[in-house]
Undergrad: 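Handing you a structure now.
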Amino acid sequence: MRFPLAKALRGGLAMAAAAAVLPLAAPTPAAADGIVVGGTPVNVADSPWVVALSSRDRFGGTRAGQFCGGVVVGRSTVLTAAHCMSEEVLGGPASRMDDLKVIAGRSDLGDAKNGREIPVRRVSINPGHNSVTNAGDAAVLTLATPLPQSYVIPMARQGDRAYAPETRATVYGWGDTTGAGQYSRTLRAAQIRVLPDALCRKAYPGTSEGTYVAASMLCAGERAGGRDACQGDSGGPLVARGRLVGLVSWGSGCGWAGSPGVYTRVSAVIRPLGLGR
Ligand code: ARG
């Protein structure tokens, strides 16, 4: 994640710098209307486990302070990306963010009367997170008040068929819909597929963005490009067969053919995060 979405959200200057870092001049996204690039609007009522992470102090109030996604895996437990909780993104230790909130049940970030904002009581970052390769990109947020059980999505364990290449999957978020810094006010989703590890090994043998490590990452997208997660979607869910298989983590550009999205493999972080029953 050389380049967390959140970094881009930090402000105009950082955003411009970020854009310069992204090889935007090279290939253009195959479709520029997405989530998530190439996505469509969805109602959070149909996917109540998708939540937005917010800090108005740090990211401003225009989009309710949204800077990453998350997913409800227990009534008081939200999974997100470790890099969303990094000092680089937050400007200091997560433990010192006193307005860190999870926004649940709200599709339109501008619609303050809908859904609820729940303070985060505790942040626990995967001790195995490697910020060079991006391996183990996961963190657990403990909510100050529990959500209804109906918000919870089951996590796919190791060996689940949902991880099989070519399985259809859906990624959700409020991130950049163009690859050029156009953050969405409303929740979107894109239909993609789990792709063979070989495709991501080839795309990411050890680039400045990261290194694809199959044991802890999941490759997903479309071979032709076009549909993908993008900056601002990090930490949000990739769902297949009704189960959580991945968290948006990193990738080169957004929606480019030959540069699939890389997701945190959920089955690999359940135990390190202490989430196994
Ligand atoms: N690192 C980005 C974030 O912080 C996520 C990028 C995902 N990119 C992709 N092409 N799938 O939001």
Side-chain angles (χ1 to χ4, degrees), residues 1-10 14-15 18-19 21-24 26-32 34-39 50 52-55 58-59 63 66-71 80-86 88-90 129 131-135 137-139 169-184 188-195 199-200 203-204 207-210 212 217-238 245-265:
M1 67 104 219
R2 271 8 9 214
F3 184 47
L5 93 84
K7 206 176 183 180
L9 288 179
R10 215 182 268 163
M15 193 108 108
V21 173
L22 281 169
L24 282 180
T28 26
I35 221 181
V36 178
V37 176
V50 192
L53 306 193
S54 139
S55 166
R58 175 117 180 111
F59 303 100
R63 294 170 60 263
Q66 188 271 348
F67 65 98
C68 267
V71 51
T80 187
H83 81 260
C84 289
M85 293 293 119
S86 67
E88 193 186 3
V89 169
L90 300 179
H129 175 227
S131 58
V132 176
T133 59
N134 299 324
D137 192 10
T170 309
V171 58
Y172 298 82
W174 287 267
D176 187 354
T177 58
T178 59
Q182 205 63 50
Y183 295 90
S184 182
R188 302 178 71 90
Q191 307 299 326
I192 56 175
R193 277 169 200 279
V194 174
L195 294 173
L199 286 183
C200 277
Y204 308 111
T207 65
S208 59
E209 283 119 338
Y212 188 74
M217 300 179 189
L218 186 65
C219 188
E222 287 291 321
R223 285 178 174 76
R227 292 195 293 274
D228 192 4
C230 199
Q231 317 312 324
D233 294 322
S234 279
L238 177 70
V245 290
L247 305 174
V248 176
S249 180
W250 62 286
S252 203
C254 301
W256 297 350
S259 298
V262 184
Y263 294 77
T264 309
R265 189 180 287 269

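Counting convention: from 1, in listed order, for ligands and their atoms alike.
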Undergrad: Test Tyr183 against Asp176 for side-chain contact (heavy atoms from CB on, under 4.5 Å), laying out the working first.
TA: CA-CA 4 Å; Tyr183 295 90; Asp176 187 354; 4.1 Å; yes

Undergrad: Using side-chain heavy atoms (C-beta onward) and a distance below 4.5 Å, is Tyr172 in contact with Val71?
TA: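 The answer is no, as the side chains (C-beta and beyond) never meet within the 4.5 Å cut-off.
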
Undergrad: Among all residues two or more places apart in sequence or in another chain, which pass the side-chain hydrogen bond (donor to acceptor under 3.5 Å, both in side chains) test with Tyr204?
TA: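 Not a single residue meets the side-chain hydrogen bond (donor to acceptor under 3.5 Å, both in side chains) criterion with Tyr204.
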
Undergrad: Is a donor on one side and an acceptor on the other found under 3.5 Å between the side chain of Gln66 and the backbone of Cys68?
TA: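 Confirmed, Gln66 side chain pairs with Cys68 backbone.
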
Undergrad: Please check whether Gly232 reaches ligand 1 - meaning an N/O of the residue sits under 3.5 Å from an N/O of the ligand, judged on distance alone.
TA: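 N/O-N/O distance under 3.5 Å: yes.
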
Undergrad: Apply the side-chain contact (heavy atoms from CB on, under 4.5 Å) test between Thr264 and each candidate in Asp137, Leu238, Val248, Thr80; give the one that qualifies.
TA: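 That would be Asp137.
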
Undergrad: Any nitrogen or oxygen of Ser252, main chain or side chain, under 3.5 Å from a nitrogen or oxygen of ligand 1?
TA: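 N/O-N/O distance below 3.5 Å does not exist for this pair.
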
Undergrad: Checking side-chain contact (heavy atoms from CB on, under 4.5 Å) for the pair Leu199/Arg223: CA distance, chi angles, key distance, verdict?
TA: CA-CA 9 Å; Leu199 286 183; Arg223 285 178 174 76; 4.1 Å; yes

Undergrad: May I ask you to identify, for Cys230, whether its side chain, its backbone, both or neither come under 4.0 Å of ligand 1 on a heavy-atom basis?
TA: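 It is the backbone that gets close, since no side chain atom is under 4.0 Å.
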
Undergrad: Using a strict 4.0 Å cut-off to heavy atoms of Asp233, name the atoms of ligand 1 that fall inside it.
TA: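 Listed by number with element: 12 (O).
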
Undergrad: Suppose I only count heavy atoms of Gly261 and a 4.0 Å limit; which atoms of ligand 1 are within that range?
TA: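 Reading through ligand 1 atom by atom, the close ones are 11 (N).
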
Undergrad: Below 4.0 angstrom from a heavy atom of Ser249, which ligand 1 atoms are there? Numbered from 1 as shown, please.
TA: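 That gives atoms 1 (N), 2 (C), 5 (C) of ligand 1.
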
Undergrad: Would you mind listing which atoms of ligand 1 come within a distance below 4.0 Å of any non-hydrogen atom of Asp228?
TA: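 Within the 4.0 Å cut-off of Asp228, ligand 1 contributes 9 (C), 10 (N), 11 (N).
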
Undergrad: Kindly compute the distance separating OH (Tyr212) from OG1 (Thr207), expressed to the nearest 0.5 Å.
TA: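 Separation between the atoms: 13.5 Å.
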
Undergrad: For Gly253, is at least one N or O under 3.5 Å away from an N or O on ligand 1?
TA: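 Such a contact does occur with ligand 1.
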
Undergrad: Short list, please: which atoms of ligand 1 are under 4.0 Å from a heavy atom of His83?
TA: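 Under 4.0 Å from His83, ligand 1 has these atoms: 1 (N), 3 (C), 4 (O).
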
Undergrad: If the cut-off is 4.0 Å to any non-hydrogen atom of Gln231, which atoms of ligand 1 fall inside it?
TA: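 By the 4.0 Å cutoff, the relevant atoms are 1 (N), 2 (C), 3 (C), 6 (C), 12 (O).
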
